[in-house]
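Labels below follow one simple rule: chain letters A, B, ... track the order of the sequence lines, proteins then strands, and each chain is numbered from 1.
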Amino acid sequence: MNQFNIDIEHTGDYAVIRSDGYINNLGGEKISEECCRLLESGCRNFILNLEKSPIVNSIGVSILIELIERVLESDGKLVFTNLTSTIAKTFRIMGLLQYAGAFPDELTALDEIKKM
Amino acid sequence: MNQFNIDIEHTGDYAVIRSDGYINNLGGEKISEECCRLLESGCRNFILNLEKSPIVNSIGVSILIELIERVLESDGKLVFTNLTSTIAKTFRIMGLLQYAGAFPDELTALDEIKKM
Amino acid sequence: MTVQEIKEIMLTVPMIPDMELAVTKTVESLSRFIPFTGDQVDEVKHAIIEACMNAFEHSRSADCRILLVFKVGPCKLTVEIVDHGKGFDPALVEDPKIENKLFKNVRKRGWGLKLMKHLMDEVDIVSNRNGTVVRMVKYADAYRKEALNESV
Amino acid sequence: MTVQEIKEIMLTVPMIPDMELAVTKTVESLSRFIPFTGDQVDEVKHAIIEACMNAFEHSRSADCRILLVFKVGPCKLTVEIVDHGKGFDPALVEDPKIENKLFKNVRKRGWGLKLMKHLMDEVDIVSNRNGTVVRMVKYADAYRKEALNESV
Ligand SMILES: Nc1ncnc2c1ncn2[C@@H]1O[C@H](COP(=O)(O)OP(=O)(O)O)[C@@H](O)[C@H]1O
Ligand SMILES: Nc1ncnc2c1ncn2[C@@H]1O[C@H](COP(=O)(O)OP(=O)(O)O)[C@@H](O)[C@H]1O
């Protein structure tokens, strides 16, 4: 069946989450759970690298919207990196990028988050 | 549509033919034409590298059988390299490997051809 | 119209998890017949995933199957996603807006139809109580119509 | 038998060049539902290509289409390749031998059925003047029957 994995790198106030696989309801929930756990432990800034998740569905993205809401309500930030152009388009259509930035890669994202 | 390409490296009495794409009737004929051209110019030994041709059909292979016949009739040799296990199995089922050897890579094939 | 001009491929699949992904492989394989860019193939795949998920989730069809009809023309792909479920009235579906979803205690879902319309060049929905047909068209770039998604 | 136990996927394709390759993508996508090894998926793909080529080349069906039915069980894949052509008698097809083909002025072709039988675990052909159904089964390794191809 469909494999979905995430890899987390957490240092201080920042966490980089790299997902691998299809982001449907299950994938979205897995990302969301991990980020909520980190939020509760005090982490505020999330870089979500979707390089290995070239396919998402709108149910998965809806779960990410809930997550973005929680992060923003905790005065944190969530940004995306390594989006395929179709996912970037999808997020633009949904208006998501007004609330969660998108950057080409993790380093740029980290730099920009620090400036924000 | 389906892309098929071959790359030929010809030195003296040896030619390495690397095919790229589906070996159906068209692919088989393209390989056969090039080898016949080389045969006519005096080349006798052919190393057919199928690394980038993981899919063949029996029509394509039948054309290769005709080619093997021509090469053997000219006192030459034709061997295969870099076969996927399914193609190797296919060639074994057909009994082809009694007439045309199979080697893991081009270098081994070249060594073995020289010994024959 | 000859077979060479329009090639029709039909696919019937059960409504089971991940089947929407399996279906996208068919799109990939058909894209060899149309001069689509990689991004265009991707957009079609995403749109089809949304349409399949809708049929899986909302149609309540008794046969638990969907039919996909792919019509491959030289310059465009038409995909029909058919279920034999309860149907719905697309006119009653509200256009989702992020500002109405965020920081409000509302369902965050409801993006599928909007995405389909923006990712494809044409989307028509015919639905009644015998089921739903979602018909979507994508033109190859060279033949692209004034596309909705250019205006986003 | 529930949908979870047997999943049936049907695919209708026109008989046009390269369509046999497009069809193999469906096999790839279905293999996520069965614990096949990569080589086993490859073998099924090759067998299906042969069956499709036969329908394309020999069936002379008026509708110029073939139907593929995939039945996905937890431990095996069954594929039926159906054409509505003129049919043939498989019993009359000679078993090809390389020594009867090489250095003889004969047709080098005639390997398709033999390959199908060796690449799959079971092959049955039902053919009459209304058409041909080639039914092939592949077991996942763990459940593999005494397979024909092990004896080659
Ligand atoms: N095939 C279908 N059968 C029945 N109802 C459907 C179908 N497709 C869509 N709908 C209805 O349209 C609504 C909007 O669908 P969509 O925009 O994809 O968002 P979501 O699926 O997240 O609700 C669904 O909630 C459902 O009520
Ligand atoms: N679907 C089919 N419809 C009609 N005849 C068929 C079909 N499949 C196979 N045949 C007959 O069986 C013969 C053997 O087929 P095969 O072993 O695949 O080799 P080849 O296609 O190279 O002849 C064909 O030549 C054809 O006469």
Answer yes or no: are there more than 12 heavy-atom neighbours, outside E99(C) itself, under 6.0 Å from its atom CD? yes

Max heavy-atom pairs within cutoff under 4.5 Å with chain C, candidates I63(A), I65(A), L26(A), goes to I65(A)

Would E20(C) and Y22(A) count as a side-chain hydrogen bond (donor to acceptor under 3.5 Å, both in side chains) here? Give the steps. CA-CA 11 Å; E20(C) 75 279 12; Y22(A) 179 30; 2.7 Å; yes

Answer yes when E69(A) and K101(C) have at least one side-chain N-carboxylate O distance shorter than 4.0 Å, and no when they do not. no

Side chain, backbone, both or neither: which part of I87(A) has a non-hydrogen atom closer than 4.5 Å to chain C? side chain

Any chance you could measure T90(A), atom OG1, to L119(C), atom CG, to the nearest 0.5 Å? 5.0 Å

Could you walk me through whether K117(C) and I93(A) pass side chain to side chain contact (heavy atoms under 4.5 Å, CB included), step by step? CA-CA 10 Å; K117(C) 285 178 197 148; I93(A) 294 167; over 6 Å; no

Of all heavy-atom pairs between H118(C) and K89(A), which one has the smallest distance, and what is that distance? O-CE, 4.3 Å

Side chain, backbone, both or neither: which part of K97(C) has a non-hydrogen atom closer than 4.5 Å to chain A? neither

CZ/R44(A): more than 12 non-hydrogen atoms of other groups inside 6.0 Å: yes

Please step through side chain to side chain contact (heavy atoms under 4.5 Å, CB included) for the pair V56(A) and H46(C), ending with a clear verdict. CA-CA 8 Å; V56(A) 301; H46(C) 275 78; 4.0 Å; yes

Using modelled atom types only, decide if a donor and an acceptor are shared between the side chain of E50(C) and the backbone of S58(A) within a distance under 3.5 Å. yes

Most chain C-contacting option - heavy-atom pairs closer than 4.5 Å, from L72(A), I68(A), V61(A), T84(A): L72(A)

What part of I49(C) gets closer than 4.5 Å to chain A, counting heavy atoms only: side chain, backbone, both or neither? side chain

Which pair of heavy atoms, one from I59(A) and one from M53(C), lies closest together, and at what distance? CD1-CE, 3.6 Å

Should the heavy atoms of other residues, nucleotides or ligands under 6.0 Å from CZ of R60(C) be counted, would the total exceed 12? no

From CA spacing to verdict: side chain to side chain contact (heavy atoms under 4.5 Å, CB included), D18(C), N24(A): CA-CA 9 Å; D18(C) 278 356; N24(A) 55 6; 4.2 Å; yes

